[in-house]
Colleague: 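Would you mind keeping the following structure in view while I ask a few things?
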Amino acid sequence: MPELPEVETIRRTLEPRVRGQVITEALVLHPSVVVTPEIQEFSSLLPGKKVIALDRRGKYLLFSLSEGYTLIWHLGMTGRLLWLEPEHILEPHTHVIITFKYHGQLRFVDVRRFGRCYLGYTQEVFRQAGLHDLGVEPLSPDFTIEKLAQITHSTRRHLKNLLLDQHYIAGLGNIYSDEALFWAGLHPLRVASSLDKKEIERLHQAICQVLKAGLSHGGTSIRDYVDGTGRKGNHQDYLAVYGKKGQPCPRCGKAIETLKVGGRTSYFCSRCQL
DNA sequence: CCCATGTCCTGCCAGC
DNA sequence: TGCTGGCAGGACATGG
């Protein structure tokens, strides 16, 4: 599932291909993917627009277009944005095809159809996509130890739930949350406000470390994730606990356990994470 | 306000 | 062997 490192890897692979390119056609094969505007407007607005830049905010990809428009994409769980030649076969579950003037297509392929896109004037579409309420960008200078302390002190929620909530920190999903909690030595059910200064520092360090590691390995490909050119990442080979139920903890050797937190599976070591 | 739970969606796989 | 039910989860809606 694309989390911050995966979305950023997709951004990096797509950016040089789409930047400066002019859209000639936008074809929507499955209407539920496009939240706003109406499909007809979506398809008529995009042709003629030029891609000025491709940015990322949390798990969202932001295509800055000419004339003050922005196209926002969230990939959900299984969504892929692929750069392909127009002659490439139509893969199953292809929902949107955006064609560019100089021979290339951006195709949105999503088996589970949790992915969504939004098009509109920048200010308005940011609001519609919920970007105004998004939490701190964890790999930015804004994400300081003090900022994390402020966040943990603000709620009595379980740590795992806090890490997954994009309103606090933007970009962590189930995989990197579990990995960060493991490296910080913190139990997923710890009450956020109970963390002391040392624990907050460890969590801050762990969050930054796991995201950078994921990024350096081109993301985690457990099942569906590939970058904008169809390449898998390697970070699945470096995971400590995620998906490793019953396997030995890399630190102490005790079998990794699971727990349901807020409907999500949490992988953790009951000896190392307190 | 705060937080937990339900919903969407389809492929996969354990278990019968 | 073939079927089935449960599981996977990001973000939003809902309701206590």
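Naming: A, B, ... by sequence-line order, numbering from 1 per chain.
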Colleague: Heavy atoms only, 4.0 Å cut-off, all strands: where does A:Glu3 land among base, sugar-phosphate and nothing?
Modeller: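 No contact.
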Colleague: Where each residue is assigned the nucleotide of DNA chain C containing its nearest heavy atom, which of A:Arg223 and A:His167 is assigned the position nearer the 5′ end?
Modeller: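 Of the two residues, A:Arg223 wins.
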Colleague: Do the side chain of A:Arg264 and the base of C:dA8 come within less than 3.5 angstrom through a donor-acceptor pair of N or O atoms?
Modeller: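 No such pair is found, so the answer is no.
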Colleague: From CZ of A:Arg80 over to P of B:dG11, roughly how many Å is that when rounded to an integer?
Modeller: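 Atom CZ in A:Arg80 sits about 13 Å away from atom P in B:dG11.
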Colleague: Take the protein atom CG of A:Asp110 and the nucleotide atom P of C:dA11, then report the distance between them rounded to whole Å.
Modeller: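 Between P of C:dA11 and CG of A:Asp110: 13 Å.
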Colleague: Of all the choices, B:dA4, C:dA8, C:dG10, which nucleotide is nearest to the side chain of A:Arg157 once you look at every atom?
Modeller: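 It is B:dA4.
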Colleague: Below the 4.0 Å mark, does B:dT10 have OP1 or OP2 next to a side-chain nitrogen or oxygen of A:Arg113?
Modeller: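 It does, given that an N or O in the side chain of A:Arg113 lies less than 4.0 Å from OP1 or OP2 of B:dT10.
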Colleague: Rounded to the nearest angstrom, tell me the gap between atom CG in A:Asn161 and atom P in B:dA4.
Modeller: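 It is 6 Å, rounded to the nearest whole Å.
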Colleague: Counting any heavy atom closer than 4.0 Å, what does A:Tyr242 reach on the DNA or RNA strands: base, sugar-phosphate only, or nothing?
Modeller: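 Counting heavy atoms under 4.0 Å across all strands, the contact made by A:Tyr242 is with sugar-phosphate only.
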Colleague: Atom CD of A:Gln166 to atom C1' of C:dC12: distance rounded to whole Å?
Modeller: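 After rounding, the gap between these two atoms is 12 Å.
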Colleague: Over how many whole Å does the gap from A:Arg156 atom CZ to B:dC3 atom C1' extend?
Modeller: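 Distance, rounded to whole Å: 12 Å.
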Colleague: Whether A:Arg11 and A:Glu8 form a salt bridge (side-chain N of Lys/Arg under 4.0 Å from carboxylate O of Asp/Glu) is what I want to check.
Modeller: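 Salt bridge between A:Glu8 and A:Arg11, a charged N being under 4.0 Å from a carboxylate O: yes.
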Colleague: Looking at A:Thr265, does any N or O in its side chain come under 4.0 Å of the phosphate oxygens OP1/OP2 on C:dC7?
Modeller: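 No.
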Colleague: To the nearest 0.5 Å, how far apart are SG in A:Cys269 and NE2 in A:His187?
Modeller: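 So the gap between those two atoms works out to 9.5 Å.
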Colleague: Any idea which of B:dC3, C:dA8, C:dA11 is nearest the A:Tyr168 side chain?
Modeller: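 Minimum distance to the A:Tyr168 side chain belongs to B:dC3.
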Colleague: Quick one: A:Ile169 CD1 to C:dG10 C1', roughly how many Å, whole number?
Modeller: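 Atom-to-atom, A:Ile169 to C:dG10, this comes out as 16 Å.
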Colleague: How long is the line joining NE2 of A:His158 and P of B:dA4, in whole Å?
Modeller: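 Answer to the nearest Å: 7 Å.
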Colleague: Is there a donor-acceptor pair closer than 3.5 Å between any side-chain N or O of A:Asp110 and the backbone N or O of A:Phe114?
Modeller: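 Present.
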Colleague: Any base atoms under 4.0 Å from A:Thr155, or only sugar-phosphate, or nothing? Heavy atoms, all strands.
Modeller: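 Sugar-phosphate contact only.
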Colleague: Over all strands shown, is A:Ala129 touching base, sugar-phosphate only, or nothing at heavy-atom distances under 4.0 angstrom?
Modeller: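 Sugar-phosphate, no base atom in range.
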Colleague: Applying the 5.5 Å / 30° rule, does A:Phe114 stack onto the base of C:dA11?
Modeller: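 The ring of A:Phe114 is not stacked on C:dA11.
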Colleague: When the distance from NE2 of A:His30 to P of B:dC9 is rounded to whole Å, what number comes out?
Modeller: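 To the nearest whole Å, that distance equals 8 Å.
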Colleague: Think A:His74 has a side-chain N or O under 4.0 angstrom from the OP1 or OP2 of C:dA11?
Modeller: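 So the side-chain polar atoms of A:His74 do come within 4.0 Å of the phosphate oxygens OP1 or OP2 of C:dA11, strictly under.
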Colleague: Looking at the base of C:dG10, is there any donor atom on it, or on the side chain of A:Arg116, that sits under 3.5 Å from an acceptor on the other one?
Modeller: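 Answer is no: no donor-acceptor pair is held.
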Colleague: Please work out if A:Met1 contacts a base, only the sugar-phosphate, or nothing of the nucleic acid, heavy-atom cut-off 4.0 Å.
Modeller: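 Sugar-phosphate, backbone atoms only, no base.
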Colleague: So, do A:His204 and A:Phe143 have ring centers that fall under 6.0 Å from each other?
Modeller: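 So the answer is yes for these two rings.
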Colleague: Does either side chain, that of A:His235 or that of A:His217, offer a donor lying less than 3.5 Å from an acceptor on the other one?
Modeller: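 Yes.
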Colleague: Per the side chain to side chain contact (heavy atoms under 4.5 Å, CB included) rule, which among A:Leu4, A:Thr220, A:Leu215 passes with A:Thr9?
Modeller: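 It is A:Leu215, the one option of A:Leu4, A:Thr220, A:Leu215 that forms the side chain to side chain contact (heavy atoms under 4.5 Å, CB included) with A:Thr9.
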Colleague: Is A:Lys260 close enough to B:dA4 that one of its side-chain N or O atoms is under 4.0 Å from OP1 or OP2 there?
Modeller: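 Answer no for this pair, as no side-chain N or O of A:Lys260 is under 4.0 Å from OP1 or OP2.
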